[in-house]
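The next block holds one structure in the form of structure tokens; read it before the comments.
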Amino acid sequence: MAASAVAVCALTLLVGSVGREGPVGGAAGLAEHAAAVAAAGGVSASKAAALTRLAQKPRVSGVTALQETVEDFIPQEDRSAFPEDVLAAINASANPCDDFYEYSCGAWIANTTIPSFQPSWAKQWDGVNDEVQDDVVELLKEDKGPAGKMFRSCMDVDAIDKAGAGPILAWVKSVDKIVDRESLDRALVEFAIADLNVFWSWWVDADSVDSTINSFFLAEGGTTMPDRSYYLDKTEEMKGHRAAYRKLAQTLLTLAGRSPEEAKQDTEQMLQIETALAKAQSTNAAARDEHGERVSPEEFYRMVPEINWKGWFDGLGLKGLGTQKGGYLVVRQVKFLKAVSEILSTSSMSNIRAYMRWKLVHSYAPTLSIEFEDALLAYNKELVGISVLPPRVRKCYFTTEGAMDMRVSKLFTDKYLQPEARDAALEMLSEIRDQFNASLRTKTWMDEAARTKGVEKLEKMFLEVGYPTVWPPSTTQDYKEFGGVSEASFFDNRLSTNAYMVKHTLAKMGKKVHRRNWGSSSAVDVNSYYNRKVNGIFIPAGILQPHFYSPSQAPARNYGSVGAICGHEMTHGFDDVGSEYDGDGNRNGWWSAGTVAAFKERAKCIEDLFSSYELYGAHVNGKLTLGEAIADAGGVKYAWESFVKRHAPSESDKRLFFVAMGQTWCSKVARKGARESILTDEHPPEKFRVIGTLSQFAPFGEAFGCPAGAPMNPESKCHLW
């Protein structure tokens with residue numbers, strides 16, 4: 001065992017003995033332990049002497065005096081080698097072998113205040129996003145194109161407040177024209193073209209059977225609150241959420257021109273429909289396993305007969321739907337869509353109007369005057385604990401980036417992403433993929449055919465790093481066909497950009513899939529993702545920033561942070577959902593039954609581990625978070641192996657790798673935000689992403705000298721990839 005690891009292990013025994021004698025008999029026992037290890041050749045005589053001196057320090061209640069304990073768990077060589085900001089975040093008094101998240105992030109969490117406009121704050125994710133935001137905002141202030149105009153129209157709060165509810169009144173009144181099935185059919189088309197999803201959701205994506213062509217997907221949707229449980233659960237907590245939701249709906253509808261009595265009636269009527277939709281929806285965990293089925297339009301009409309689907313498809317311009325030339329129809333959650341058919345056939349037109357009126361008002365409320373925003377804030381305060389509106393510049397940045405992702409991306413990358421930084425990151429990611437590939441060839445639980453196809457899949461997996469290889473047409477879109485973009489009306493600008501996006505999406509039907517298309521992501525996103533339909537990884541320039549990544553920071557930090565993140569994305573290609581898709585992005589059952597069974601057995605260990613974690617009285621849903629937990633484990637493993645192979649790290653470098661991984665997920669979350677996340681988010685809470693991943697990874701325990709059986713080094717571990 002390396003000297004530094006022994007030091008950490010010995011100090012673990014010391015501080016772990018609060019109020020009682022430690023496992024080696026207190027101070028004298030620690031000195032004896034240090035001498036014994038030295039005699040065995042596991043540590044230098046000077047290090048043994050240092051441990052002996054530490055054991056002889058004054059103790060209070062069985063622990064070194066408080067002023068001394070703050071340095072107990074950070075080896076001196078780490079204090080000398082780690083960057084100052086890394087050391088500042090560490091809780092030096094926390095035993096890394098007991099709770100590595102507290103060790104990595106404890107001081108940062110203790111000294112961090114969550115901004116009042118957010119339910120949480122993440123050290124790197126939000127911190128880096130703020131830096132990217134500041135850079136982009138300065139560019140938008142000077143930009144003379146549509147992006148700059150959109151941003152400035154959003155910042156013009158005087159004009160927005162002066163307009164009040166005016167921009168939406170004609171839309172609200174148009175809902176009154178829904179009086180029969182024929183007028184409802186027209187309204188459903190108009191809402192879809194305006195990018196307002198009601199009753200169900202739809203999108204265009206690579207087909208699951210033949211990923212070279214684009215198909216039209218239909219799936220469940222139609223509700224507004226975060227999860228079906230918010231409508232259905234009988235707990236006091238959920239009753240409180242429903243009461244706040246009622247208040248929000250009544251307030252927004254009144255602001256949009258309904259009388260208080262009408263708004264109250266609308267609220268109860270729309271809740272009847274949304275509750276019925278929630279009852280028909282799948283759980284979040286079940287929805288992850290839903291891939292959909294190709295069906296012909298005629299077959300679908302018979303399956304869900306109470307809706308004029310042909311009229312809706314024709315209204316969207318879907319000519320030749322159900323053919324290779326026109327694009328196929330893929331239906332998910334058929335049971336839900338049949339329930340929608342029943343809801344529409346049994347609901348009164350008054351209820352349907354109330355529901356569609358509400359969806360319209362709620363969708364556009366963020367673009368309207370301060371009264372609308374204040375109502376949304378009051379609801380979010382009850383829902384997730386937000387108490388003030390975000391800075392206006394923050395809202396306008398995200399709104400502009402969301403509407404014109406590629407225009408904003410080009411502005412940012414042209415100025416702030418250096419080609420050499422992109423090339424260095426790409427080289428690191430290629431190394432990680434090579435390491436994954438080498439390891440994949442040794443997986444004995446897979447049969448030979450599965451290993452061969454798995455290697456082929458990794459070799460076909462492409463990496464889009466920094467910005468698109470080919471910039472799409474939306475980069476130069478002027479929106480004139482849709483009314484244009486000006487500084488005069490924020491609301492009208494949203495209508496224009498929404499109309500463009502819908503037409504652009506529908507235009508992909510029947511065309512070949514552009515495999516390197518970034519979809520709804522942008523180069524300024526502080527994020528990354530894997531697309532199983534095209535077998536590609538997308539790493540935006542936004543995340544290639546310190547302290548995720550920088551050519552000038554320690555390799556241990558780069559590999560432990562963005563390296564593990566990118567390894568995570570690669571592993572998504574082999575998680576419980578991604579593993580069903582081959583190297584071309586087709587879902588075709590490319591694993592044998594035996595390999596599938598072996599995979600599920602190992603994955604069940606991970607699912608059960610995460611289900612054992614609890615936060616604020618609620619258990620993590622191990623089935624819902626399984627894909628992310630699998631990806632986290634693979635990401636750390638292959639980033640670590642690549643790092644060790646390429647850089648021959650010192651013991652201190654090894655520990656910095658793991659601390660960088662831990663600090664990637666440092667986050668402070670308000671109770672309400674955490675409760676909402678644990679119900680709806682496919683990602684485990686940050687604390688469990690760290691301890692759940694690293695406790696199962698043997699090199700971590702070795703780096704920190706964790707004794708067998710310690711919380712971060714259990715004797716029995718889950719292992720998949």
Side-chain angles (χ1 to χ4, degrees), residues 174 177-178 180-222 291-334 336-338 340-341 344 356 472-474 477-483 495-520 531 533-534 584-587:
S174 70
K177 298 178 182 178
I178 302 174
D180 54 24
R181 291 307 295 263
E182 184 178 351
S183 54
L184 173 60
D185 291 342
R186 288 195 299 271
L188 289 173
V189 172
E190 291 167 0
F191 269 55
I193 291 174
D195 200 24
L196 297 170
N197 281 337
V198 290
F199 293 108
W200 57 83
S201 61
W202 66 271
W203 65 91
V204 175
D205 194 11
D207 188 78
S208 296
V209 177
D210 180 0
S211 63
T212 66
I213 58 175
N214 284 301
S215 288
F216 190 87
F217 287 74
L218 278 174
E220 62 187 24
H291 302 269
E293 293 181 43
R294 265 195 207 173
V295 296
S296 69
E298 293 72 22
E299 182 182 2
F300 183 57
Y301 303 155
R302 292 191 294 271
M303 292 165 61
V304 190
E306 296 299 326
I307 298 172
N308 181 9
W309 291 109
K310 185 178 187 308
W312 191 72
F313 292 143
D314 288 346
L316 267 58
L318 295 173
K319 305 301 182 183
L321 182 65
T323 65
Q324 184 171 13
K325 183 178 180 180
Y328 294 105
L329 173 63
V330 181
V331 180
R332 298 175 61 177
Q333 293 108 10
V334 172
F336 171 84
L337 293 169
K338 289 181 177 180
V340 171
S341 181
L344 285 172
M356 295 183 71
S474 60
Q477 173 61 227
D478 60 17
Y479 304 96
K480 289 181 180 178
E481 178 186 349
F482 310 94
L495 295 184
S496 295
T497 54
N498 281 6
Y500 163 75
M501 185 53 63
V502 171
K503 182 173 182 179
H504 172 72
T505 298
L506 292 171
K508 294 188 294 184
M509 286 294 293
K511 295 181 180 178
K512 289 288 186 180
V513 170
H514 173 36
R515 300 184 72 80
R516 292 178 180 264
N517 177 26
W518 283 53
S520 60
N531 185 338
K533 295 289 191 69
V534 299
D584 294 317
N586 297 318
R587 183 170 177 259

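- Contact record, Val189 with Gly311: CG2-O, 4.0 Å, taken as the closest heavy-atom pair.
- When atom types are taken as modelled, the side chain of Thr323 and the backbone of Gly326 share a donor-acceptor pair closer than 3.5 angstrom.
- Using a 4.5 Å heavy-atom threshold, the side chains of Phe482 and Val502 count as separate.
- Taking 4.0 Å as the cut-off between side-chain N and carboxylate O, Glu182 and Arg186 count as a salt-bridged pair.
- Judged by distance alone, the side chain of Arg515 and the main-chain N or O of Asp584 form a donor-acceptor pair under 3.5 Å.
- Within the 4.5 Å cutoff, the side chain of Leu344 has heavy atoms near those of the Phe199 side chain.
- With a 4.5 Å cut-off on side-chain heavy atoms, Met509 and Leu318 count as touching.
- Formation of a donor-acceptor pair under 3.5 Å by the Ser211 side chain with backbone atoms of Val534 is not found in this model.
- In terms of heavy-atom proximity, Tyr479 sits nearest to Gln477 at N-OE1, 2.8 Å.
- Although no hydrogens or angles enter the test, the distance criterion places a donor-acceptor pair under 3.5 Å between the side chain of Gln333 and the main chain of Glu220.
- The two atoms that bring Lys338 and Val304 nearest to each other are CG-CG2, 4.1 Å, heavy atoms only.
- Val198 is listed as a side-chain neighbour of Met356, based on a closest heavy-atom distance under 4.5 Å.
- Annotation: the span from Arg516 atom CZ to Asn531 atom CG amounts to 12.5 Å, rounded to 0.5 Å.
- Few gaps surround CD on Glu306; more than 12 heavy atoms of other groups in view lie less than 6.0 Å from it.
- Proximity of Leu329 to Trp309: side-chain heavy atoms (C-beta onward) are nowhere separated by under 4.5 Å.
- Distance check: Lys480 NZ to Ser496 OG gives 12.5 Å after rounding to the nearest 0.5 Å.
- Under a cut-off of 6.0 angstrom, the local environment of CD in Glu299 is crowded, with over 12 non-hydrogen atoms contributed by other residues, nucleotides or ligands.
- One finds the CH2 atom of Trp312 at 12.5 Å from the CG atom of Leu184 (value rounded to the nearest 0.5 Å).
- At least one side-chain heavy atom of Trp202 sits under 4.5 Å from a side-chain heavy atom of Thr505.
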What donor-acceptor contacts under 3.5 angstrom involve side-chain atoms of residues 212-219, with partners at least two apart or in another chain?
residue : atom : partner : partner atom : Å
Thr212  : OG1  : Asp210  : OD1          : 2.7
Thr212  : OG1  : Asp210  : OD2          : 3.4
Asn214  : ND2  : Lys508  : O            : 3.2
Asn214  : ND2  : Lys511  : O            : 3.3
Ser215  : OG   : Asp207  : OD1          : 2.7

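- Looking at heavy atoms from C-beta onward, Phe300 lies in side-chain contact with Leu337 at the 4.5 angstrom threshold.
- The shortest non-hydrogen separation linking Leu316 to Ala192 is CD1-CB, 3.9 Å.
- Nearest heavy atom pair, residue Tyr500 against residue Ser474, reads OH-CB, 3.2 Å.
- Of the inter-residue distances, the one linking Thr497 atom OG1 with Leu495 atom CG reads 8.0 Å to the nearest 0.5 angstrom.
- Closest heavy-atom contact between Trp203 and Asp205: CD1-CB, 3.7 Å.
- Looking only at side-chain heavy atoms (C-beta outward), Asp314 and Lys319 come within less than 4.5 Å of each other.
- Rounding to the nearest 0.5 angstrom, the gap separating the CD1 atom in Ile193 from the CG atom in Asn498 is 12.5 Å.
- Going from atom OG of Ser296 over to atom CE of Met303 covers 9.5 Å, rounded to the nearest 0.5 Å.
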